[in-house]
Every structure is written in structure tokens, then in C-alpha cells.
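Below is one structure; the comments refer to it alone.
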Number of protein chains: 2
Amino acid sequence: MWKPDRGSKKALYQQIADHLEQRISYGEFPPGSLLPSERKLADRLGVNRSTVIMAFAELRSMGIIDSRTGSGTRVSATKWGATPRHTPNWSRYAEGGNFLPNLPFMRRIREALIQQPSLIDFASGELAADLAPSEEIAKLMSGFQYTSYLGYDNPQGSIPLRQALVDYLEKYREIRTTESSILITSGSQQSLYLITQCLLSPGDAVAIEDPSYCYSLPMFQSAGIRLFRLPVDSQGIQPEEIRSLFKKHRIKMVFLNPNFQNPTGTVLSDASRRQLLDIASELRLPIVEDDPFSLTAYDGNPPSPLKASDKVGSIIYIGSFSKIAASGLRIGWMVAPHSIVKRLADARQQMDFGLSVIPQQVAGQFLQSSLFEPHLDRLRMELRFRRDLTIEALNKELPDALAYTIPDGGLHLWCRLNSAIQDGRLLEETIKRGTVFVPGSVYGSDPGFVRFTFSRPKTEDIERGISLFCEAFRQLNN
Amino acid sequence: MWKPDRGSKKALYQQIADHLEQRISYGEFPPGSLLPSERKLADRLGVNRSTVIMAFAELRSMGIIDSRTGSGTRVSATKWGATPRHTPNWSRYAEGGNFLPNLPFMRRIREALIQQPSLIDFASGELAADLAPSEEIAKLMSGFQYTSYLGYDNPQGSIPLRQALVDYLEKYREIRTTESSILITSGSQQSLYLITQCLLSPGDAVAIEDPSYCYSLPMFQSAGIRLFRLPVDSQGIQPEEIRSLFKKHRIKMVFLNPNFQNPTGTVLSDASRRQLLDIASELRLPIVEDDPFSLTAYDGNPPSPLKASDKVGSIIYIGSFSKIAASGLRIGWMVAPHSIVKRLADARQQMDFGLSVIPQQVAGQFLQSSLFEPHLDRLRMELRFRRDLTIEALNKELPDALAYTIPDGGLHLWCRLNSAIQDGRLLEETIKRGTVFVPGSVYGSDPGFVRFTFSRPKTEDIERGISLFCEAFRQLNN
Ligand SMILES: Cc1ncc(COP(=O)(O)O)c(C=O)c1O
Ligand SMILES: Cc1ncc(COP(=O)(O)O)c(C=O)c1O
């Protein structure tokens with residue numbers, strides 16, 4: 001992103017005015033459209049608000065923008081020979097369709113991370129750069145030959161990757177399947193999107209855990225789906241509650257993350273698993289099992305997936321490379337009955353014509369290489385180490401102010417604050433101090449919970465990040 | 001895909017029975033679900049139908065499947081300890097959502113190409129393997145370092161690729177923009193999907209060319225959008241017709257492919273361009289300009305995009321790597337006003353969390369490398385050569401039976417058959433003989449048109465492919 005050049009002889013405000021003039025003349029801000037506020041722009045460009053005020057004054061004097069108190073700064077009508085009466089009403093178009101925008105807290109966090117890349121990031125649910133298998137991938141890629149085919153891919157995803165996944169699923173997840181039951185997706189996110197778009201209809205009811213990653217996704221609401229809650233305690237959900245939701249609301253599907261659940265880190269108990277499968281079979285109810293975290297089990301013994309005991313065929317199984325290798329690969333997979341895989345593959349063609357062949361090749365070769373297992377070993381060890389660092393830091397600073405269960409896998413620590421602090425205020429105070437987390441309400445919980453993703457910050461930043469968070473907490477708690 | 005092993009001692013029918021038993025036991029075909037028909041299976045596995053009939057008989061004798069005359073073969077209820085009364089009604093779920101399946105002809109073609117990889121392919125709208133910059137990409141990739149970051153990408157797409165595109169758009173397309181106006185997408189397909197899903201609402205009317213690539217996409221109908229036609233002649237559309245569609249139907253948007261239009265190959269005339277931009281400005285009507293083919297201009301002088309003359313900001317510009325480099329990269333881009341880019345980037349996060357970082361890096365480096373320009377030069381030369389081969393072959397075999405305009409760019413030759421042959425019969429006859437094309441009706445035209453994608457077959461196959469097509473044509477024409 002463009003930033004003013006502090007070494008230049010040209011004044012900062014003048015650089016900003018020139019830059020904005022250019023962007024306006026290129027059509028990025030058509031006549032009549034609203035510019036970002038002075039405050040936002042100052043934040044984004046890393047300058048004082050007064051500098052932006054001077055840049056705006058300059059543009060106003062040239063007749064390029066108009067400001068009206070209370071209604072912001074707009075690109076003026078006449079300067080470019082075109083008036084707003086000629087330009088499509090773009091902001092009206094931007095409100096079209098059924099897509100709800102992302103949750104305000106998520107947008108705020110994303111924006112803060114773009115504006116202040118130095119923030120210590122306990123918010124992004126992913127691995128730190130040094131936990132990703134970067135060198136392994138570079139090594140694999142340097143040997144590639146692309147003399148074969150770089151055309152549109154098979155709608156279900158590349159066959160070699162699906163074959164590698166058949167072996168992977170049997171070896172690591174006790175799931176026996178064939179490549180024709182596998183759909184490769186752009187991560188679990190696309191699997192969830194395809195399921196909600198293509199297998200459910202507006203008005204359908206589904207059950208999800210409470211709290212749940214699914215609450216952070218306006219996707220369900222955008223599709224007009226009604227969400228019902230299955231409270232999660234230290235043993236996971238109570239399967240019996242599915243039966244009552246089914247009676248009351250005719251739920252059509254259940255979305256679960258049984259192993260190292262996001263955000264709570266819990267593992268569904270064995271007894272509940274058996275009960276769950278029985279109920280699903282009795283009610284003929286499909287279960288979507290989202291299983292991105294299992295292989296992070298710190299002791300090297302990942303809990304089994306539900307799918308491994310699915311005798312009846314109730315389960316759509318979803319996996320991903322994001323949390324065990326690299327989210328930037330955008331490689332996920334789904335195991336489902338033939339009719340479902342065909343349907344979703346056909347729909348996905350219409351959305352994006354399938355995935356890039358290159359990351360699929362990388363992922364397939366990585367899975368089958370001797371590099372994968374050592375990577376997993378290192379990852380588990382590192383995650384446990386970061387979990388412990390995070391907990392130590394919290395215990396040192398706030399021994400009595402919060403409660404948590406120590407997770408045995410996954411990337412997250414879920415904490416309850418023993419004091420009612422407004423989520424938004426706590427978030428702003430921590431961002432101000434240089435760190436960021438996700439408020440629990442994003443996952444549908446009551447206020448007073450926070451999720452720390454300890455896999456994301458650099459090891460050497462964890463202690464300081466937690467200390468900054470605690471400072472913010474104490475400040476608001478006084 | 002699994003195929004029986006003809007070298008094995010085990011009988012073919014027994015191999016097939018074992019394979020199906022395994023897939024059924026893995027849950028790919030749950031109890032009560034329908035198996036593919038004998039004919040389909042025989043096609044797919046490359047065996048006689050009688051072999052499949054014997055395999056089915058074997059499975060029936062084991063109680064694994066049931067056949068009932070007229071209603072196909074189903075997985076039986078009892079064998080697996082589960083009855084259909086326990087398994088979700090998956091086929092009902094597969095009918096959920098608003099997604100229409102792809103057009104029958106398109107599914108037929110895709111299936112034929114999967115079953116018979118040896119078909120001479122004039123149907124897939126892409127480049128042959130030897131036209132893609134495979135060696136260039138392998139060379140770039142072998143130098144990559146992934147010590148940086150493999151996490152979730154910026155929602156608008158990678159910044160280095162957007163910066164490379166700013167230069168590319170100015171140099172090759174006369175479009176001046178900044179990286180904040182660019183959204184990277186999974187090809188033009190995803191750009192079109194995002195626009196229809198997020199900027200239009202069910203019931204909205206839009207205008208598209210007739211014939212048009214857009215007709216091949218059930219995407220518009222799935223979104224509940226009403227399509228109105230702008231007939232294309234040798235000069236492209238008549239912009240005045242937009243005015244009357246606007247009056248009659250309040251169209252909300254126009255989708256155009258002004259340069260080397262798919263399928264007709266026409267270039268919109270200069271006079272029509274000026275008129276079009278005036279009308280768009282007068283009616284405040286957004287135009288989506290889909291521009292994947294321009295750089296294929298065989299004479300090296302690509303026609304300008306509309307966007308280069310868009311003073312008012314009426315145009316959303318869509319580009320792609322698919323037709324000038326490799327469709328399997330899945331890299332496209334969109335240039336649009338700030339508010340639109342932000343909106344679509346936010347919605348895209350919910351669909352797939354953005355693109356893989358690796359192909360974005362490949363694409364960015366390729367654009368900026370000294371390899372890009374020579375690749376384009378070679379591509380243009382090769383495309384012209386294949387166009388000429390195709391036309392020669394047609395002229396030799398069917399001099400009077402068809403009419404076409406010679407295209408100056410793009411991948412396609414659009415032909416009118418001087419005789420009314422049913423699209424479906426012609427397609428089946430050509431597939432039977434070993435080649436495949438796309439019937440014009442897929443693009444919304446009347447029967448009797450065909451699209452030949454001359455960029456897709458190997459050079460050495462073009463003459464024989466056309467000759468097989470002509471044989472089928474003559475057969476039906478008698
Ligand atoms: C439970 C769960 N499911 C799915 C996802 C989506 O991940 P991806 O699309 O990268 O696989 C996440 C990411 O945070 C997650 O935590
Ligand atoms: C006119 C046109 N637009 C868009 C596309 C989609 O291409 P992609 O998504 O690969 O960029 C095609 C592909 O055939 C096309 O012909």
C-alpha cells in the first residue's frame with residue numbers, strides 16, 4: 001500500500017493530496033463518492049490527522065473534493081467533466097445481493113492488522129510464519145516440472161492430490177475412502193460455503209455448537225439459515241439436545257468441530273460420540289464434521305474423527321491444510337457420498353472453475369514426502385511450547401482474573417474473564433497498546449470471554465503481548 | 001480414476017464387483033442410494049456392458065445391491081447393518097440451495113472428456129499444454145523462497161501481484177489504476193460470480209450479448225437474474241438497444257466481451273464504443289467489461305478496452321490469465337471503484353478465504369519477468385497458425401456447408417452450418433468418432449451453430465479432428 005515518503009523534499013500533505021488526486025482521476029473514487037474519513041486515512045497512512053486535513057484543504061481549493069459538515073468528504077461533481085448524475089450509483093450496487101458483511105469486530109481486527117503490521121497478533125487463527133513448512137515447500141517446488149498440463153482442473157480437484165489424501169485419511173484419520181468420494185476445496189471455508197449454499201435452502205434450521213467458529217461466519221445468515229445452539233462444556237456438546245432441537249425446529253443438519261474445538265479447545269467425549277452417531281442415524285440427520293485441528297494433538301495421539309465410526313453414512317467430513325501446514329496454500333477437502341460430491345463439484349465450477357493446479361501439486365507431494373511427518377512432529381512440539389508460554393504469562397500477570405481449560409491440541413486458548421468488561425472497549429485498549437485478540441462474542445458467547453491464538457505471534461513476542469493485554473484489562477477493570 | 005487391470009488374473013467382472021463393494025462399504029454409496037447405470041459404468045471403466053452386468057449380478061447374489069426394472073440399481077438396505085431409514089436422504093439434500101446444475105451439453109462434454117481422454121478437444125475454451133508457459137513457470141518457481149509468509153492472504157489479493165498488475169494494465173491495456181482498485185480473483189469466472197451474487201439481487205434485469213459466454217453459465221439464473229439480449233453482428237452489439245432495454249426492463253447492468261467476443265470472435269466497432277460509453281453515462285448504467293482475449297490479437301495490436309476511455313467511471317473491468325497464459329493458474333483480476341472492491345473482497349472472504357499465495361506469486365513474477373513478452377509473441381503466432389489450420393481443414397472438407405468470419409484474435413472459430421442439424425445428435429455423432437466441440441445453443445444461439453476452440457487440440461490433431469467432425473456432419477446431413 002502506498003505511504004508518503006518521509007525522505008522526500010515534498011511536504012507530506014502535498015504528497016497525500018497528489019496521491020488522492022491521482023486515485024480520483026483513475027476512477028477509484030468516482031464523482032460524488034465518499035472518501036475515507038480524515039481519521040481513517042491518517043491511521044492508514046501513518047500520519048497525523050492534521051496532515052490529512054491539510055491535504056483535503058489542498059484538494060478542496062482545486063475543486064476536486066467537497067466537504068460538508070456531518071456528511072464527510074466527497075469527490076466533487078464538476079472537475080472531471082462528469083457529474084455524479086453520470087456515474088452509476090456504486091454505493092447502492094454495493095448493497096445488492098444477499099451477502100452480509102463480515103462481523104464488525106472481525107473487520108476491525110483485520111483493519112488494525114493491515115494498518116499496524118507490528119501488532120502482536122493473537123487474533124488470526126493460523127500458524128506463525130516459522131511454523132509453516134516453508135522450506136519444505138520451497139524444496140518440493142524447485143523440483144517441479146510443468147511440462148504436463150496447466151489447464152482447467154478436474155472439477156473434483158486434482159487426481160494425484162485426491163489419491164494422496166486417500167492414503168493420508170487412512171493413515172492419520174482411520175477413514176477409508178476412494179478418490180471419487182473426495183472433493184478438493186479452497187480450505188474448510190469453501191467446504192462450509194458449498195454446503196450452506198447447495199445443500200440447504202433459505203429458512204432451513206441447523207444446529208451448531210455454542211460457542212462456535214460458525215458464529216463468526218455471516219455466511220449462514222446470508223443464506224437465510226436459522227442457527228440453533230448446542231452448548232459446549234468440557235466434554236463437548238450433549239447429543240440429546242440434538243433430539244430436542246430436531247423435534248422443535250426440524251433441524252436439517254448439524255455442524256460440529258469435535259476435536260480441539262474452535263474456540264474452546266474441547267474434545268467431544270467418547271460416550272457422546274456413540275450417542276451422537278446413534279441419534280444421527282435414528283433421525284437420518286446429516287452431520288458436518290469439521291476437523292482441521294486433530295493432527296496438532298500435542299502428545300502425538302490425535303483423537304479419532306466421528307467419520308471413522310460412521311457406519312450409516314451420516315457424516316460429511318471436512319479437512320484442511322490450514323492449521324497443520326499453511327493456510328495460504330488454500331487446500332482443504334471433503335469426504336461425502338457420491339451424489340453430494342458430484343453436486344458440489346458442479347456448483348463450484350460455476351463459482352471459480354476450481355482450484356489452481358500448483359498448490360494442489362505442492363500439497364499432494366508434501367503429503368507423500370518424507371518431509372510431512374517430521375514437520376508435524378516439530379509443529380506439535382512448537383505449539384505446546386507456545387501454549388505453555390501463553391499460560392505462564394497470563395498466570396504471572398492475572399493469576400485470579402481469568403479461568404481457562406488447558407487445551408491438548410489446536411491453536412487457541414479460550415479464557416473467561418472474571419469481570420464483566422465490554423468486548424469492544426477491551427479490544428480497542430489492547431490494539432492501542434500493540435496487541436490484538438478475538439472477543440468471545442464473535443463466536444456467539446456472552447461477553448467476558450477472549451480467544452488467544454498462541455500459534456500466531458512470534459515466540460519472542462508472546463510474553464510481551466500477553467503483558468500488554470493484561471495492562472489493558474487492568475486499566476478497564478479499575 | 002480406478003480402472004480394472006487387464007493384466008490381472010482376476011476376471012474383469014470380479015475386479016469391478018470388488019471395487020464397487022469397497023466403495024459401497026466406505027460410504028460413497030450409502031444404503032438405498034442409486035448406483036451409476038450399467039451403461040455409464042461400462043463407459044467410464046472402458047469395459048463391455050456385459051462385464052458390468054456380471055459384476056452387478058455378483059453383488060446382487062451377495063445381497064449388496066438390489067435392481068428393480070425401470071428404477072435402476074440401488075445399494076441394498078440390510079447388508080451393512082444400516083437401512084436407508086438410517087441414512088440421511090442425501091439425494092434430497094443434493095437438490096437443496098439455489099444452484100442450478102451446469103447445462104446438460106456442458107456436463108455431457110465434460111463427462112466425455114473424462115471418459116475418453118483421447119478425444120480431440122475443440123470444446124474446452126483454453127490453451128493446449130504446449131501453448132502454456134510451463135517452462136517459464138517452472139523456471140520462476142525453482143527460484144522461489146518461502147521463508148516469508150504462507151498465511152491467509154490480504155482479502156483483495158497479494159500486494160506484489162496487484163502492483164505488477166498496475167504496470168501491466170498501464171502498459172498493455174492503457175488502464176491507469178492503483179493497487180487499491182484491484183481485486184485478485186480465481187479467474188474471470190469468480191469475478192462474474194462475485195458481481196452477480198453481491199451487486200445484483202434476485203429479480204434484477206441485466207443485458208448480455210447474444211450469443212454470449214454468459215449463457216453457458218447457469219450462475220445468472222441461479223441468482224434469479226433476468227437476462228435480456230443484445231444481438232451481436234460483425235460489428236458487435238448495437239448500443240441503442242441498451243436504451244430500449246433500459247426503458248422496458250430497467251436493466252441494472254450490462255455484461256460485454258467487446259474484444260474477440262466469445263463465441264463469435266467479433267470486435268466492437270469504434271463508433272459503437274463511443275456510443276456505448278455515452279449511453280452508460282446518460283443512464284448511469286454500470287458495464288462489466290470482460291476482457292480475457294485482447295492480448296491474443298494475432299497482429300500484436302490488441303484493441304483497446306472500453307475501460308481506457310471510461311471518463312465517468314461506468315465500467316468494472318475484468319481480466320484473466322486463463323487465455324493468455326494458463327487457466328490452471330486460476331488468476332484473474334477486477335478493476336472497480338473503491339466501494340465495490342471493498343464489498344467484493346469482504347464477501348469473497350466468506351466464500352473461500354482468498355486465493356492461494358503461490359500462484360499469485362508465480363503470476364506476479366511472470367508478468368514482471370522478461371519471459372512474459374516472448375511468451376505472448378509465441379502464443380500469438382501459434383494461435384494464428386492453429387486458426388489457419390482449422391479453417392483450411394474445414395474448407396477442404398465442407399467448402400459450402402458452413403459460414404464463418406475469420407477472427408483476428410481469441411481462441412475460437414464460430415461457424416454457422418448451412419443446414420439444420422439437431423445440436424445433440426451432431427454432438428453425439430462427433431464424440432462417437434473421437435472429437436468434440438460446443439454446440440452454439442450453449443451460448444444462446446439458434447440451433448445450427450458450432451464453436452471450435454482451435455487453441456486446445458494439439459496442432460497435429462487439428463486436421464484429423466475437423467475431418468471427423470465433417471464426417472459426422474455429412475452422415476447426419478444425408
Ligand atoms: C473450525 C474451523 N473450521 C474452518 C476454518 C476455515 O479454515 P480454512 O478455510 O483455512 O481451512 C477454520 C479457520 O479458522 C476453523 O477454525
Ligand atoms: C468471455 C469469457 N469470460 C470469462 C471466462 C472465464 O475464464 P476464467 O475464469 O478462466 O478467467 C471465459 C472462459 O471461457 C470466457 O470465455
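Basis for what follows: all heavy atoms, side chains included, without hydrogens, waters or symmetry-related copies.
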With only heavy atoms counted, which part of [X] is less than 4.5 Å from chain B, the side chain, the backbone, both or neither?
X: R92(A); result: neither
X: A280(A); result: backbone
X: N154(A); result: side chain
X: A94(A); result: both
X: D153(A); result: neither
X: S33(A); result: neither

Exercise. In sequence, state the C-alpha distance, the side-chain angles, and the governing distance for R110(B) and D346(A), and then conclude on salt bridge (Lys or Arg N to Asp or Glu O under 4.0 Å).
Key: CA-CA 11 Å; R110(B) 196 199 290 158; D346(A) 186 86; 3.7 Å; yes
Contact class of [X] relative to chain A, heavy atoms under 4.5 angstrom:
X: A347(B); value: both
X: L100(B); value: backbone
X: S322(B); value: side chain
X: S222(B); value: side chain
X: D310(B); value: neither
X: L355(B); value: backbone
X: P218(B); value: both

Exercise. With sequence neighbours excluded, tell me which residues meet side chain to side chain contact (heavy atoms under 4.5 Å, CB included) with Q163(B).
Key: I159(B), E179(B)
Practice problem: Quick one: list whatever passes side chain to side chain contact (heavy atoms under 4.5 Å, CB included) with S124(B), sequence neighbours left out. | Solution: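 Applying side chain to side chain contact (heavy atoms under 4.5 Å, CB included) to S124(B) gives L113(B), D121(B), E126(B), R456(B).
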Quiz item: Between Q190(A) and F353(B), does a side chain to side chain contact (heavy atoms under 4.5 Å, CB included) hold up when you go through it step by step?
Solution: CA-CA 8 Å; Q190(A) 193 178 43; F353(B) 270 155; over 6 Å; no
Quiz item: So, do Q350(B) and L217(A) sit near enough that their side-chain heavy atoms are less than 4.5 Å apart?
Solution: no
Among [options], single out the residue with the greatest number of heavy-atom pairs under 4.5 Å to chain B.
options: S201(A), A223(A), G224(A), A128(A); answer: S201(A)
options: P36(A), S188(A), G354(A), S191(A); answer: G354(A)
options: G332(A), A132(A), S314(A), A325(A); answer: S314(A)
options: K307(A), K252(A), K139(A), K342(A); answer: K252(A)

Quiz item: Has the side chain of S356(B) got a donor or acceptor atom that lies under 3.5 Å from a matching backbone atom of R330(A)?
Solution: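 Here the side-chain-to-backbone pair does not exist.
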Spatial distance of atom [atom1] ([X]) from atom [atom2] ([Y]) [nearest 0.5 Å]:
X: Q349(B); Y: R107(A); atom1: CD; atom2: CZ; value: 12.0 Å
X: T196(A); Y: M351(B); atom1: OG1; atom2: CE; value: 10.0 Å
X: L140(B); Y: M141(A); atom1: CG; atom2: CE; value: 10.0 Å
X: T177(B); Y: Q22(A); atom1: OG1; atom2: CD; value: 9.5 Å
X: R343(A); Y: W90(B); atom1: CZ; atom2: CH2; value: 14.0 Å
X: Y152(A); Y: L127(B); atom1: OH; atom2: CG; value: 9.0 Å

Quiz item: Hey, which of D278(B), V312(B), L283(B) is the one that makes side-chain contact (heavy atoms from CB on, under 4.5 Å) with H86(A)?
Solution: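 Option passing the side-chain contact (heavy atoms from CB on, under 4.5 Å) with H86(A): V312(B).
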Quiz item: For Y93(B), which of P337(A), C198(A), P286(A) qualifies under side-chain contact (heavy atoms from CB on, under 4.5 Å)?
Solution: P286(A)
Practice problem: Count the heavy-atom pairs under 4.5 Å between each of M219(B), R23(B), M253(B), E282(B) and chain A, then report the option with the highest count. | Solution: R23(B)
Quiz item: When only pairs under 4.5 Å are counted, which of S180(B), G328(B), G96(B) shares the most heavy-atom pairs with chain A?
Solution: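 It is G328(B).
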Exercise. Measure the acute angle between the ring planes of Y193(A) and Y193(B), then classify it against the limits of 30° and 60° as parallel, tilted or perpendicular.
Key: perpendicular
Quiz item: Which heavy atom in L285(A) sits nearest to a heavy atom in P88(B), and how many Å separate them?
Solution: C-CG, 3.9 Å
Quiz item: Which pair of non-hydrogen atoms, one from T87(A) and one from R284(B), has the smallest distance, and what is that distance?
Solution: O-NE, 2.6 Å
